Q: 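First the structure, which I've put down as structure tokens, then a few questions once you've had a look.
Order of appearance sets the numbers: ligands from 1, and atoms from 1 within every ligand. It should be emphasised that the depicted structure is a prediction, and the values quoted were computed from it without experimental measurement. Just so you know, residue 1 is the first one in the sequence shown, and it goes up from there.
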Amino acid sequence: MVPKILLVNPPIYDFAAYDFWLKPYGMLSVAGSLRSKADFKLFDYLDRMHAFAAKQRQLESNQWGRGRLYSEQVPSPQPLKAIPRYFQRFGLPRNMFEDFLIREGSFDFVFIQTTMTYWYKGVEEVIEDIRKAKPEAKIILGGNYITLCSNHAEKLRTNFLVQGTNLKPLWKYLRITPDLKQPALWEAYDKLKVGVMRLTEGCPFKCTYCSVPKVYNKFKPQPLERSLAELELLHRLGVENIAFYDDALLFDAEKVLIPFLNEVVKCNTKVNFHSPNALNARFITSRLAELMVRAGFKTFYFGFESTSIQWQKRTGSKVFSNELAQAVKYLTSAGAEPANITAYQVLGHPHIDIQQLEASMRFVNSLGIRGMLADFSPIPGTPDGEYCRKWVNMDEPLMHNKTAFPIILLGFDETNRLKDLQRHLNRSLPDIQKH
Ligand code: B12
Ligand code: SF4
């Protein structure tokens, strides 16, 4: 008899959340390695294809498969009481999970996905419900919150924590030999329109605000066959939009992205690709831009952050202004729509004094593309996150909240002023008015 494993993607407790191609990819990848060696059930609180969400018009997907999540207002937790924004619980109602647990038989193991460190309240809720309904089940957590806040997570009532990316202790605990060539367990969804892929792991840069350099040993591509098998599976299941979760999708493109996209073109696979997790403009060449557009890339998100050379040098020299301008030129010449190109800029970074944020916003606007302010989340264990202990208690993960930190650093009025300016700049773009 194979073990029964329940997979849960928890609800989100936050001031804001939006289904920006959100999928529990870490957990689905682990489950994929156990395909046919365990009997799986999935409960994804954020699944907008679920019958409850699918019948609500305000939760409908836009043309690229993104959309609003069902939400209910809840009281702000004590540490965030001073933030003048409504706190909410995003995801399917709690009683639906309770009913699901009553309907289902027993489970040997429950896997719970953790994502942002400041989303742990949703994880606590799921643990509480499982402990009540299925006391026999062994609860296993993995993902970003467990990895970055292991001391905090150890206080939860779990049986096993998977910290970082070494899964050997997990296989030993489960007593199952995995098949690491398998793609993620996408068939666990009854209906699927959006999928996620990752062609690489890690990043060669060392930005001072980012946890990736510490968590992943080094940049490592996935085998091409595994990526193609995952694409084939997603396509077969009816997926129309695929978001890449890579941290450095364009790095070593000759060996990774280009061979993958050449196969996509050769097989004439029709899906829309998206890059919400920020591309590095430095690596876009005219040939790569042309191939990306031809293979089906529709939206392009660049991690830009600042025009200030001083700020860029101090935080890791990931990309400079001329490189962004060049990338935009290559992409638009290849046929990408300027309205679908966005540059992220971090808002509320502790070195904002040298960031020249307004000038950076205007520079992005001058390129004819959208700007998006990415609220800064201080991450424990990173140089910039540790520096933020000056302002917040970093041992309380709720204080890593991205809506909260810029307000704490800059004040409510200044944060709103910069956000209004960004909206105003975006509205001034001719192409964007049409969309
Ligand atoms: C994809 C991604 C996003 C996606 C959404 C992801 C999602 N589902 O919610 C998008 C682009 C929307 C996004 C947005 C943001 N993100 Co982000 N994102 C990521 C990224 C690249 C991957 C996260 C992920 O899905 N990991 C799961 C898989 C893909 O990782 P993995 O290594 O293969 O996982 C292995 C193990 O960890 C383990 N595992 C993982 N999960 C599980 C689960 C179980 C049960 C088990 C057993 C094992 C296991 O097994 C896996 C296989 O080896 C991470 C960086 C990273 N590389 O992890 C940042 C990261 C999580 N994001 C981060 C940040 C800062 C943000 C933003 C705040 C940026 C901004 N200012 O706008 C926003 C916040 C959005 C919000 N609403 O609050 C930070 C974390 C911040 C924090 N305090 O927690 C990270 C760590 C990057 C960084 N800068 O350091 N993000
Ligand atoms: S380039 Fe991106 S993923 Fe890499 S270290 Fe910098 S912020 Fe992190």
Q: Classify the side-chain pair D179/Q182 by whether it contains a donor and acceptor separated by less than 3.5 Å.
A: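 Distance-only check passes for D179 and Q182.
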
Q: What's the spacing between Q310 CD and T315 OG1 if we round to 0.5 Å?
A: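 If I round to the nearest 0.5 Å, the distance is 10.5 Å.
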
Q: Of A243, A374, S211, which has the heavy atom at the shortest distance from atom 85 (C) of ligand 1?
A: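 Checking each option, the heavy atom nearest atom 85 (C) of ligand 1 is found in S211.
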
Q: Side chain, backbone, both or neither: which part of C210 has a heavy atom under 4.0 Å from ligand 1?
A: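 Both backbone and side chain.
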
Q: Give me the ring orientation class for Y18 and F20: parallel if the planes are under 30° apart, tilted from 30 to 60°, perpendicular past 60°.
A: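 Judged by the thresholds at 30° and 60°, the geometry between Y18 and F20 is tilted.
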
Q: Any protein heavy atom sitting closer than 4.0 Å to atom 23 (C) of ligand 1?
A: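 Looking at atom 23 (C) of ligand 1, one finds that no protein heavy atom lies closer than 4.0 Å.
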
Q: Which of the numbered atoms in ligand 1 are under 4.0 angstrom from any heavy atom belonging to F111?
A: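 Counting atoms of ligand 1 from 1, those under 4.0 Å from F111 are 45 (C).
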
Q: Tell me the contacting part of L167 for ligand 1: side chain, backbone, both, or neither, using a 4.0 Å heavy-atom threshold, strictly below.
A: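 Near ligand 1, L167 shows its side chain, while the N, CA, C and O stay back.
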
Q: Does some non-hydrogen atom of the protein lie less than 4.0 angstrom from atom 26 (N) of ligand 1?
A: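 It does not: no protein heavy atom is found less than 4.0 Å away from atom 26 (N) of ligand 1.
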
Q: Take every heavy atom of W119, measure it against each atom of ligand 1, and state whether any distance is under 4.0 Å.
A: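 In this structure, W119 qualifies as a contact of ligand 1 - some heavy atom is under 4.0 Å.
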
Q: I want to know if ligand 1 touches K402 in the polar sense, i.e. an N/O pair below 3.5 angstrom.
A: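 Such a contact does not occur with ligand 1.
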
Q: Verify the neighbour count for atom NZ of K298: are there more than 12 heavy atoms of other residues, nucleotides or ligands below 6.0 Å?
A: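 Atom NZ in K298 is packed in, count exceeds 12.
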
Q: When you compare ligand 1 with Y209, is there at least one nitrogen or oxygen pair between them that comes in under 3.5 angstrom?
A: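 No: no nitrogen or oxygen of Y209 is under 3.5 Å from one in ligand 1.
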
Q: Y25 to ligand 1: N or O pair under 3.5 Å?
A: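 In fact, backbone or side chain, Y25 has no N or O that close.
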
Q: Could you establish whether A17 and ligand 1 come within less than 4.0 Å of each other, counting only heavy atoms on the residue side?
A: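 Per 4.0 Å heavy-atom rule, A17 does not contact ligand 1.
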
Q: Considering only heavy atoms, which of M116, H274, R66 lies nearest to atom 17 (Co) of ligand 1?
A: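 Considering heavy atoms of M116, H274, R66, the nearest to atom 17 (Co) of ligand 1 sits in M116.
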
Q: At a 4.0 Å threshold, what atoms of ligand 1 neighbour a non-hydrogen atom of K23?
A: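 This gives 8 (N) as the contact atoms.
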
Q: Regarding R48 and S61, is there a side-chain donor-to-acceptor distance under 3.5 Å anywhere?
A: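 Short answer, yes.
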
Q: Looking only at protein heavy atoms, identify the closest one to atom 41 (N) of ligand 1 and say how far it is in Å.
A: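 Looking only at protein heavy atoms, the one closest to atom 41 (N) of ligand 1 is Q113 NE2, 3.0 Å.
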
Q: Any atoms of ligand 2 less than 4.0 Å from a non-hydrogen atom of D247? List them with their elements.
A: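 Those qualifying, in numeric order: 3 (S).
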
Q: Classify the ring geometry between F160 and Y173 as parallel (under 30°), tilted (30 to 60°) or perpendicular (over 60°).
A: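 Ring orientation of F160 relative to Y173: parallel.
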
Q: Does either side chain, that of D375 or that of T403, offer a donor lying less than 3.5 Å from an acceptor on the other one?
A: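 There is no such pair between these side chains.
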
Q: Just say parallel, tilted or perpendicular for the rings of W391 and Y387, cut-offs at 30° and 60°.
A: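 Aromatic pair W391/Y387 classed perpendicular.
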
Q: Check for me whether K4 meets the cation-pi criterion with F107, that is, NZ or CZ under 6.0 Å from the six-membered ring centre and within 45 degrees of the ring axis.
A: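 Judged by the rule, K4 and F107 form a cation-pi pair.
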
Q: When only distance counts, is T147 in polar contact with ligand 1, meaning an N/O pair under 3.5 Å?
A: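 Among all N and O atoms of T147, none is under 3.5 Å from an N or O of ligand 1.
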
Q: Could you list the atoms of ligand 2 found under 4.0 angstrom from a heavy atom of C207?
A: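 By the 4.0 Å cutoff, the relevant atoms are 1 (S), 5 (S), 6 (Fe), 7 (S).
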
Q: Give, for atom CD of Q163 and atom CG of L141, the distance between the pair rounded to the nearest 0.5 Å.
A: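 It comes to 10.5 Å.
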
Q: So, F15 versus Y118, ring centres under 6.0 angstrom or not?
A: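 Here the rings of Y118 and F15 have centres that are no less than 6.0 Å from each other.
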
Q: Would a search of protein heavy atoms around atom 1 (C) of ligand 1 find one under 4.0 Å away?
A: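 Looking at atom 1 (C) of ligand 1, one finds that a protein heavy atom does lie closer than 4.0 Å.
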
Q: Polar contacts were defined as any N/O atom of the residue lying under 3.5 Å from an N/O atom of the ligand; does this apply to H400 and ligand 1?
A: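 There is no such contact.
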
Q: How about C210: does one of its N, O or S atoms come closer than 2.8 Å to atom 6 (Fe) of ligand 2?
A: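 Looking at C210, which is the residue asked about, there is no N, O or S atom under 2.8 Å from atom 6 (Fe) of ligand 2.
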
Q: Please find the pair of heavy atoms, one from T415 and one from P406, that lie closest to each other, and give the distance.
A: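 Where T415 meets P406 most closely, the heavy atoms are OG1-O, 3.4 Å.
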
Q: Within a distance of under 4.0 Å, is there any protein heavy atom near atom 69 (C) of ligand 1?
A: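 False for atom 69 (C) of ligand 1.
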
Q: Is there a polar contact, in the sense of an N or O pair closer than 3.5 Å, between Y118 and ligand 1?
A: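 Yes, since at least one N or O of Y118 sits under 3.5 Å from an N or O of ligand 1.
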
Q: Which word best sums up how the rings of Y209 and W311 line up, parallel for under 30°, tilted for 30 to 60°, or perpendicular for over 60°?
A: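 Taking W311 first and then Y209, their aromatic rings lie parallel (interplane angle under 30°).
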
Q: Could you check which of G26, G142, G164 puts a non-hydrogen atom nearest to atom 37 (O) of ligand 1?
A: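 Comparing heavy atoms across G26, G142, G164, the nearest one to atom 37 (O) of ligand 1 lies in G164.
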
Q: Under 4.0 Å from atom 5 (C) of ligand 1, do we find at least one protein heavy atom?
A: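 Looking at atom 5 (C) of ligand 1, one finds that a protein heavy atom does lie closer than 4.0 Å.
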
Q: Polar-atom distance check: T115 versus ligand 1, any N or O pair below 3.5 Å?
A: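 It does not: no N or O of T115 is found under 3.5 Å from an N or O of ligand 1.
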
Q: I want to know if ligand 1 touches Y216 in the polar sense, i.e. an N/O pair below 3.5 angstrom.
A: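 Between Y216 and ligand 1 (N or O atoms, distance only) the closest approach is under 3.5 Å.
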
Q: Is atom 59 (C) of ligand 1 near the protein, in the sense that some protein heavy atom lies at less than 4.0 Å from it?
A: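 False for atom 59 (C) of ligand 1.
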
Q: If you have a sec, work out which protein heavy atom is nearest atom 3 (C) of ligand 1 and how many Å separate them, to one decimal?
A: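 Residue, atom and distance for the closest contact: N277 OD1, 4.1 Å.
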
Q: So is there a nitrogen or oxygen of R198 less than 3.5 Å from a nitrogen or oxygen in ligand 1?
A: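 N/O-N/O distance under 3.5 Å: yes.
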
Q: Taking it one step at a time, do D14 and N401 satisfy side chain to side chain donor-acceptor pair (under 3.5 Å)?
A: CA-CA 8 Å; D14 202 340; N401 186 289; 2.8 Å; yes

Q: Regarding ligand 1, does T117 bring an N or O atom to under 3.5 Å of one of the ligand's N or O atoms?
A: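 Yes, at least one N or O pair falls under 3.5 Å.
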
Q: One thing to verify: whether E125 and R89 come together as a salt bridge, which I'm taking to mean a side-chain N less than 4.0 angstrom from a carboxylate O.
A: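 Counted as a salt bridge, because a side-chain N and a carboxylate O are separated by less than 4.0 Å.
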
Q: Nearest heavy-atom pair of N426 and R370: which atoms, and what distance?
A: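 Closest approach of N426 to R370, heavy atoms only: OD1-CA, 3.6 Å.
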
Q: Below 4.0 angstrom from a heavy atom of Y209, which ligand 2 atoms are there? Numbered from 1 as shown, please.
A: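 Those qualifying, in numeric order: 7 (S).
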
Q: Have H274 and T299 got a donor and an acceptor in their side chains that come within less than 3.5 Å?
A: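 A donor-acceptor contact under 3.5 Å links the two side chains.
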
Q: Provide, to 0.1 Å, the distance between atom 80 (C) of ligand 1 and the closest protein heavy atom, together with that atom's residue and name.
A: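 Closest protein heavy atom to atom 80 (C) of ligand 1: N144 ND2, 3.5 Å.
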
Q: What closest approach, in Å, do V256 and P221 show between heavy atoms, and which atom pair accounts for it?
A: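 Scanning both residues, the minimum pair turns out to be CG2-CB, 3.7 Å.
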
Q: For ligand 2, which atoms, with element, lie under 4.0 Å from some heavy atom of C203?
A: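 Answer for ligand 2: 1 (S), 3 (S), 4 (Fe), 5 (S).
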
Q: Does any part of the side chain of V364, heavy atoms only, come nearer than 4.5 Å to the side chain of L425, both counted from C-beta?
A: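 Heavy-atom side-chain distance check fails, nothing below 4.5 Å.
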
Q: Tell me the nearest of D375, D384, D247, V196 to atom 55 (C) of ligand 1, using heavy-atom distances.
A: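 Residue with the shortest heavy-atom distance to the ligand atom: D247.
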
Q: Please report which non-hydrogen protein atom sits nearest to atom 39 (N) of ligand 1, along with the residue it belongs to and the distance in Å to one decimal place.
A: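 Scanning the protein heavy atoms, the shortest distance from atom 39 (N) of ligand 1 goes to G143 N, 3.8 Å.
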
Q: Of the options F376, Y301, F300, which is the one that meets Y344 in a ring pair (Phe, Tyr, Trp, His ring centres under 6.0 Å)?
A: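 Passing option: Y301.
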
